[in-house]
Amino acid sequence: MTRLHWSAMIFMGLAAIVLAMPIVVVSAAALNGGRTMLFPPEDPTLARFVEFFVSEPVWRTALYNSTVIALGSAAIAVLAAWPMAYWIWKRSDTGSKALAGLAAMPFALPPIVFGVGLGFMWAFTGGLGTIWAAILSHAALFVALPLV
């Protein structure tokens, strides 16, 4: 392997470690026996994890809803962006550039403006607070990522 390839692999490994460290710290701090989150943990216990995964159904429901929203919105965003990206790549005319701009519009707006706009839209259409509205809202926001 070339030197560039190894340096890229080392860089990616270090980047993965840096991105994973907050998750490791918070998960380790959740092992505390008391109600205070300390790192390193004092009096380690798995009580919070048992509460999250076993004894409290509200947490399992929230985890299930988050997983459904994440997978559903990712699938819709990719399925919507795939033909748009092909069309933009194939044609590269004014219409395709306008389509690319419209797809990237949620990232041009401040997130609070996009969120409030979606909140008003779903309130008027009767979908506010439903899982399918959350899936479609997230898909609309993230369609630009697979498009790029």
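Below, each value reflects all heavy atoms present in this structure, side chains not excepted, and no hydrogens, waters or symmetry copies.
Sorted by first and then second residue, the ring-ring contact (aromatic ring centres under 6.0 Å, His included) pairs with a member in residues 74-104 read Tyr86-Trp89; sequence neighbours excluded. Sorted by first and then second residue, the side chain to side chain donor-acceptor pair (under 3.5 Å) pairs with a member in residues 13-29 form an empty list; sequence neighbours excluded. Applying the side chain to side chain donor-acceptor pair (under 3.5 Å) definition to pairs two or more places apart or across chains, none involves residues 98-113.
In the hydrophobic clustering (ILVMFWY side chains linked at under 4.5 Å, chained through shared members), Val26 stands by itself.
The line from CD of Glu56 to OG1 of Thr61 is 10.5 Å long, rounded to the nearest 0.5 Å. One distance of note links CD1 of Ile76 with NE2 of His138; it measures 12.0 Å at 0.5 Å rounding.
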Name each donor-acceptor pair under 3.5 Å that joins a side chain in residues 67-75 to protein atoms two or more places apart or in another chain, with its distance.
residue : atom : partner : partner atom : Å
Thr67   : OG1  : Leu63   : O            : 2.8
Ser73   : OG   : Ile69   : O            : 2.7
Ser73   : OG   : Ala70   : O            : 3.3

Side-chain polar contacts of residues 9-24 - donor-acceptor pairs under 3.5 angstrom, sequence neighbours left out - could you list them?
none

Do any side-chain atoms of residues 110-137 form donor-acceptor pairs under 3.5 angstrom with protein atoms, and if so which ones, sequence neighbours left out?
residue : atom : partner : partner atom : Å
Trp122  : NE1  : Ser137  : OG           : 2.6
Thr125  : OG1  : Met121  : O            : 3.0
Thr125  : OG1  : Trp122  : O            : 3.4
Thr130  : OG1  : Gly127  : O            : 2.7
Thr130  : OG1  : Trp132  : NE1          : 3.3
Thr130  : OG1  : Ala133  : N            : 3.4
Ser137  : OG   : Ala133  : O            : 2.7

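Scored by the side-chain contact (heavy atoms from CB on, under 4.5 Å) test, Leu145 finds Phe107, Phe142 as partners (sequence neighbours excluded). Scanning for side-chain contact (heavy atoms from CB on, under 4.5 Å) contacts around Ala81 gives Val143, Pro146, Leu147, with sequence neighbours left out. Checked against salt bridge (charged side-chain N to carboxylate O under 4.0 Å, His left out), Arg91 has the following partners two or more places apart in sequence or in another chain: Asp93.
Scanning all heavy atoms of the two residues, the minimum distance from Pro57 to Ser55 falls at CD-O, 3.4 Å. Smallest separation of non-hydrogen atoms from Pro106 and Ala140: CG-O, 3.5 Å.
Side chains of Phe49 and Val54 form no contact here, defined as non-hydrogen atoms less than 4.5 Å apart. Considering only heavy atoms from C-beta on, Asn32 stays 4.5 Å or farther from Asp43 through its side chain.
The hydrophobic cluster containing Trp59 does not contain Tyr64, counting ILVMFWY residues as joined when their side-chain heavy atoms lie under 4.5 angstrom apart, directly or transitively.
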